Amino acid sequence: MSPEDFAYRRTYRLPRGYQVEFVWHAGTFSAQWDPALPLRRLGLKLFPHYQRARDDFIASLDLPIVVVDL
């Protein structure tokens with residue numbers, strides 16, 4: 001198995017029955033929501049929880065990474 005085949009992933013439970021799975025694979029970062037990505041007010045309410053989970057995931061990588069929220 002080559003390093004490109006390896007994917008590091010962690011799933012975080014968020015309020016209101018949501019969860020998000022973060023994946024680091026071949027130098028790319030992705031997030032998969034379950035159920036689908038929340039929109040509007042609910043999305044805004046869940047955003048701080050998402051940020052904490054994302055920051056924890058990135059810290060667990062132990063890599064020099066900068067995150068910019070727009």
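Scope of the values below: all heavy atoms of this structure, side chains included, with no hydrogens, waters or symmetry mates. Since we're looking at a predicted model, the values are computed, not measured.
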Handout entry: Straight-line distance of Gln51 CD to Asp55 CG, nearest 0.5 Å
Key =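 Interatomic distance, Gln51 CD to Asp55 CG, rounded to 0.5 Å: 6.5 Å.
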
Could you pull out the closest heavy-atom pair between [X] and [Y], with the gap in Å?
X     : Y     : answer
Gly17 : Pro35 : O-CD, 3.8 Å
Lys45 : His49 : O-CD2, 3.4 Å
Pro38 : Leu46 : CG-CD1, 3.6 Å

Exercise for the section: Name all residues meeting the salt bridge (charged side-chain N to carboxylate O under 4.0 Å, His left out) criterion together with Asp69; count only those two or more places apart in sequence or in a different chain, and write none if there are none. Expected result: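 Once residues adjacent in sequence are excluded, the partners of Asp69 under the salt bridge (charged side-chain N to carboxylate O under 4.0 Å, His left out) criterion are Arg54.
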
Exercise for the section: Taking the side chain as every heavy atom from C-beta outward, state whether Thr11 and Val20 have any pair of such atoms under 4.5 Å apart. Expected result: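 The answer is no, as the side chains (C-beta and beyond) never meet within the 4.5 Å cut-off.
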
Do [X] and [Y] share a hydrophobic cluster (ILVMFWY, side-chain heavy atoms under 4.5 Å, transitive)?
X     : Y     : result
Val67 : Trp24 : yes
Phe29 : Leu61 : yes
Leu39 : Leu14 : no
Ile65 : Tyr8  : yes

Exercise for the section: Using the ring pair (Phe, Tyr, Trp, His ring centres under 6.0 Å) rule, pick out the option among Tyr12, Phe22, Phe57 that qualifies with Tyr50. Expected result: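 With Tyr50 as partner, Tyr12, Phe22, Phe57 yield a single ring pair (Phe, Tyr, Trp, His ring centres under 6.0 Å), made by Phe22.
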
Problem - Among Arg10, Arg13, Arg9, the one residue meeting salt bridge (Lys or Arg N to Asp or Glu O under 4.0 Å) with Glu21 - result: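 Result: among Arg10, Arg13, Arg9, Arg9 is the only option passing the salt bridge (Lys or Arg N to Asp or Glu O under 4.0 Å) with Glu21.
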
Practice task
Please determine, by modelled atom types, if Tyr18 and Asp34 share a side-chain donor-acceptor pair under 3.5 angstrom.
Solution key: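 No, no side-chain donor-acceptor pair sits under 3.5 Å.
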
